[in-house]
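First up is the structure itself, then whatever we jot down about it.
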Amino acid sequence: MPQLQATPEIDFQSETYQDAYSRIDGIVIEGEQEAHDNYIQLTALLPDYKDELVRLSKMEARHKKGFEACGRNLKVVPDMVFANRFFADLHGNFQKAAAENKIATCLVIQALIIECFAIAAYNIYIPVADDFARKITEGVVKDEYSHLNFGEVWLQAHFEEVKAEVEAANRENLPIVWRMLNEVETDAHVLGMDKDALVEDFMIQYGEALANIGFSTRDIMRMSVYGLTGA
Ligand code: PL3
Ligand code: FE2
Ligand code: FE2
């Protein structure tokens, strides 16, 4: 007897699915690699947290291996050229902030924005993933919450000193996330992922993170709108 598929409407072997997967898998692999590099780079800015940051970076390296295996399992070659371009703006902003010793900005970009983007994407992907990728992604998403938590805890402890810097980093980087979401919308749709659900999940995670750090509901509303309008 053939195994029944949980989602019979998705054909993981179709050319359309595999073409979209080559870009999405590339993005995720690149995102995990950059997350690894960013946590390593942060050890220079936050020497007291070196061990914890190295531990986080090792988790990211494992995530990358997991998503590489997802691609191999579907016989898809990830499009790393596309993925590299996809992350270029956030990558550049992180590098600039690190060079200026702007710890809060680095944490907003990596531990808040990128981790919330990953959590939203993985949560939306899990119900429509193939069985192999679902198991991998379920393991990964648990880790991402702890990475988000690392950023929240540090920013919360330094809230008064970094509030203005966090707002500026939000204003500069949130519009980039909306552009990235628009860029991935069509391919994500092929994988069975809905853009509105992605945006909603992202805003819930990110808004909760800002609240945990110490921002008021009023601040959070204002900060979200800046991002959306690019104002
Ligand atoms: C940090 O730990 C990870 C950074 C990864 C960023 C991921 C962005 C994902 C965008 C599109 C989502 C699809 C999910 C599918 C997974 C194969
Ligand atoms: Fe990760
Ligand atoms: Fe992460």
Side-chain angles (χ1 to χ4, degrees), residues 21-46 49-50 52-71 76-123 125 133 136-137 139-152 154-155 166 169-170 172-184 187-188 198 202 205-206 209 227:
Y21 204 85
S22 69
R23 283 179 296 278
I24 298 276
D25 197 37
I27 286 170
V28 171
I29 291 166
E30 177 70 22
E32 297 292 357
Q33 176 67 52
E34 297 213 9
H36 166 276
D37 299 348
N38 290 346
Y39 287 119
I40 293 289
Q41 212 170 337
L42 274 166
T43 61
L45 277 63
L46 291 166
Y49 297 88
K50 185 169 181 220
E52 192 167 357
L53 286 163
V54 168
R55 196 173 62 83
L56 301 192
S57 78
K58 285 184 178 152
M59 293 160 108
E60 304 296 20
R62 249 197 329 272
H63 298 168
K64 180 189 173 195
K65 285 207 178 78
F67 289 120
E68 284 172 340
C70 293
V76 167
V77 178
D79 186 341
M80 299 315 295
V81 174
F82 173 83
N84 204 277
R85 246 187 296 129
F86 184 80
F87 275 101
D89 287 351
L90 281 187
H91 178 86
N93 284 352
F94 185 95
Q95 291 309 318
K96 189 166 158 278
E100 294 169 1
N101 259 303
K102 287 181 151 177
I103 299 170
T105 303
C106 288
L107 287 176
V108 168
I109 294 172
Q110 175 56 49
L112 298 197
I113 290 182
I114 296 180
E115 298 295 354
C116 285
F117 192 20
I119 289 169
Y122 298 161
N123 278 334
Y125 175 60
I136 303 259
T137 311
V140 168
V141 77
K142 283 196 200 92
D143 292 344
E144 308 302 12
Y145 285 103
S146 72
H147 304 173
L148 171 59
N149 185 257
F150 176 85
E152 284 176 354
W154 193 91
L155 291 166
V166 172
N170 171 81
E172 193 168 345
N173 292 287
L174 211 48
I176 298 174
V177 174
W178 302 132
R179 208 210 55 227
M180 290 164 85
L181 271 163
N182 286 330
E183 267 175 47
V184 85
D187 288 329
L198 273 169
F202 174 83
Q205 302 297 335
Y206 187 64

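Index from 1, following the sequence.
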Exercise. Of Asp89, Val184, Leu174, which is the lone residue that meets side-chain contact (heavy atoms from CB on, under 4.5 Å) with Arg179?
Worked result: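 The residue from Asp89, Val184, Leu174 that satisfies side-chain contact (heavy atoms from CB on, under 4.5 Å) with Arg179 turns out to be Asp89.
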Could you tell me the separation between the [atom1] atom of [X] and the [atom2] atom of [Y], rounded to the nearest 0.5 Å?
{"X": "Leu42", "Y": "Leu56", "atom1": "CG", "atom2": "CG", "result": "9.5 Å"}
{"X": "Asn123", "Y": "Gln205", "atom1": "CG", "atom2": "CD", "result": "6.5 Å"}
{"X": "Gln95", "Y": "His91", "atom1": "CD", "atom2": "NE2", "result": "4.5 Å"}

For this session: Anything under 30° is parallel, anything over 60° is perpendicular, the rest tilted; go ahead and classify Tyr125 against Tyr21.
Result: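 Ring orientation, 0 to 90° scale: tilted.
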Problem set entry | Geometric class of the Tyr122/Phe67 ring pair [parallel <30°, tilted 30-60°, perpendicular >60°] |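 Phe67 and Tyr122: tilted rings.
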For this session: Scan Glu30, Glu32, Gln33, His36 and name whichever one has a side-chain hydrogen bond (donor to acceptor under 3.5 Å, both in side chains) with Lys64.
Result: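 Considering Glu30, Glu32, Gln33, His36, a side-chain hydrogen bond (donor to acceptor under 3.5 Å, both in side chains) with Lys64 is found only for Gln33.
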Exercise. Would a distance-only check, ignoring hydrogens and angles, find a side-chain to backbone donor-acceptor pair under 3.5 Å from Asn149 to Tyr145?
Worked result: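 Such a contact is absent between Asn149 side chain and Tyr145 backbone.
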Exercise. Which heavy atom in Asn38 sits nearest to a heavy atom in Ile114, and how many Å separate them?
Worked result: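 It is ND2-CD1, 4.4 Å.
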Exercise. Are Asp187 and Arg23 close enough for a salt bridge, meaning some N to O gap below 4.0 Å?
Worked result: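 Salt bridge flag = yes for Arg23 with Asp187.
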Exercise. Do Glu34 and Phe94 have side chains that get closer than 4.5 Å, going by heavy atoms?
Worked result: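 No; the side chains remain at least 4.5 Å from each other.
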Exercise. Going through the checks in order, is the side chain to side chain donor-acceptor pair (under 3.5 Å) test met by Glu60 and His147?
Worked result: CA-CA 10 Å; Glu60 304 296 20; His147 304 173; 2.8 Å; yes
For this session: Determine whether the aromatic ring centres of Tyr49 and Phe150 lie less than 6.0 Å apart.
Result: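 Judged by ring-centre distance (under 6.0 Å), Tyr49 and Phe150 do meet the cut-off.
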